[in-house]
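Here the structure is laid out as structure tokens; the discussion comes afterwards.
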Amino acid sequence: SEAVLIPETRTDLGEICAAVRERVRAGKTGNILVVAEGDELGRAVEIAAVMKRDHGIESHVTILGHIQRGGSPTAADRVLASKLGCAAVEALLDGAAPCMVGEVGGRVERHPLPESWNRKKPLDSLLVELAERLR
């Protein structure tokens with residue numbers, strides 16, 4: 001992709017649009033921008049509207065959703081689904097408070113729902129740097 005817009009880094013849409021225009025002048029017929037949920041400029045559809053309105057750049061938005069996780073499940077996917085499904089049923093049978101089950105360090109654990117909503121998992125800074133370098 002030509003740019004990755006994520007909440008962990010500041011987005012300069014003017015800079016991104018200038019780079020897109022430069023690539024078009026150089027003969028590139030398409031540019032890909034990846035927009036993560038929670039970017040400070042908004043969602044992909046909103047950003048595309050601003051790019052058109054303020055910079056004259058036409059965009060086609062594709063929201064991948066579950067499509068990006070498509071394909072046939074691997075054996076590991078199936079095992080994880082079985083582990084988590086079993087843990088969820090056990091939590092219900094135990095009368096546990098509403099919770100989320102997940103695998104942490106190879107162990108299945110329960111986490112209170114508010115914790116799962118409010119806790120932010122830090123983004124690997126190496127991945128952010130890599131995205132910038134590969135532009």
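Residue numbers start at 1 and run along the sequence shown.
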**Study point:** side chain to side chain contact (heavy atoms under 4.5 Å, CB included) partner of Asp39, chosen from Leu13, Thr9, Leu5
**Key:**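 In the set Leu13, Thr9, Leu5, the residue that makes a side chain to side chain contact (heavy atoms under 4.5 Å, CB included) with Asp39 is Leu5.
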How long is the gap from [atom1] on [X] to [atom2] on [Y], to the nearest 0.5 Å?
X	Y	atom1	atom2	result
Arg10	Leu41	CZ	CG	9.0 Å
Leu93	Cys86	CG	SG	9.5 Å
Ser82	Asp77	OG	CG	10.5 Å
Ile16	Met51	CD1	CE	7.5 Å
Arg78	Lys83	CZ	NZ	16.0 Å

**Study point:** With Glu46 via side chain to side chain donor-acceptor pair (under 3.5 Å) - residues at least two apart
**Key:**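 Glu46: no side chain to side chain donor-acceptor pair (under 3.5 Å) contacts found.
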Point to revise | Set of residues satisfying side chain to side chain donor-acceptor pair (under 3.5 Å) with respect to Thr62, sequence neighbours excluded | key: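 Expected list: none.
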Exercise for review: Just grab all the salt bridge (Lys or Arg N to Asp or Glu O under 4.0 Å) pairs involving residues 48-59, residues at least two apart or on different chains.
Suggested key: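 The answer is Lys52-Glu58.
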Which heavy atom of [X] sits nearest to which heavy atom of [Y], and what is that distance?
X	Y	answer
Ile47	Gly42	CD1-O, 3.5 Å
Ala48	Val61	CB-CG2, 3.6 Å
Ala36	Ile6	CB-CG2, 3.8 Å
Leu84	Glu103	CD2-N, 4.0 Å
Ala131	Val4	CB-CG2, 4.0 Å

Review point. Counting only heavy atoms not in Ile32, do more than 12 sit closer than 6.0 Å to its CD1 atom?
Key: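 No, not enclosed.
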Review point. Restricting to pairs with a member in residues 25-37, which pass side chain to side chain donor-acceptor pair (under 3.5 Å), not counting sequence neighbours?
Key: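 For residues 25-37: Glu2-Lys28, Glu22-Arg25.
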Exercise for review: Starting from the C-alpha separation in whole Å, work towards a yes-or-no answer on side-chain contact (heavy atoms from CB on, under 4.5 Å) for Arg43 and Ile63.
Suggested key: CA-CA 10 Å; Arg43 298 180 350 239; Ile63 299 173; over 6 Å; no
Exercise for review: Check whether any side-chain heavy atom of Val101 sits under 4.5 Å from a side-chain heavy atom of Glu90, and report yes or no.
Suggested key: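 Of all side-chain heavy-atom pairs linking Glu90 with Val101, none is under 4.5 Å.
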**Study point:** Members besides Leu113 in its Ile/Leu/Val/Met/Phe/Trp/Tyr cluster (side-chain heavy atoms under 4.5 Å)
**Key:**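 Traced through the cluster, Leu113 reaches Met100, Trp117.
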Exercise for review: Return the set of residues passing side-chain contact (heavy atoms from CB on, under 4.5 Å) with Ala91 (not counting sequence neighbours), or none when no residue passes.
Suggested key: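 Once residues adjacent in sequence are excluded, the partners of Ala91 under the side-chain contact (heavy atoms from CB on, under 4.5 Å) criterion are Ala96, Cys99, Arg110.
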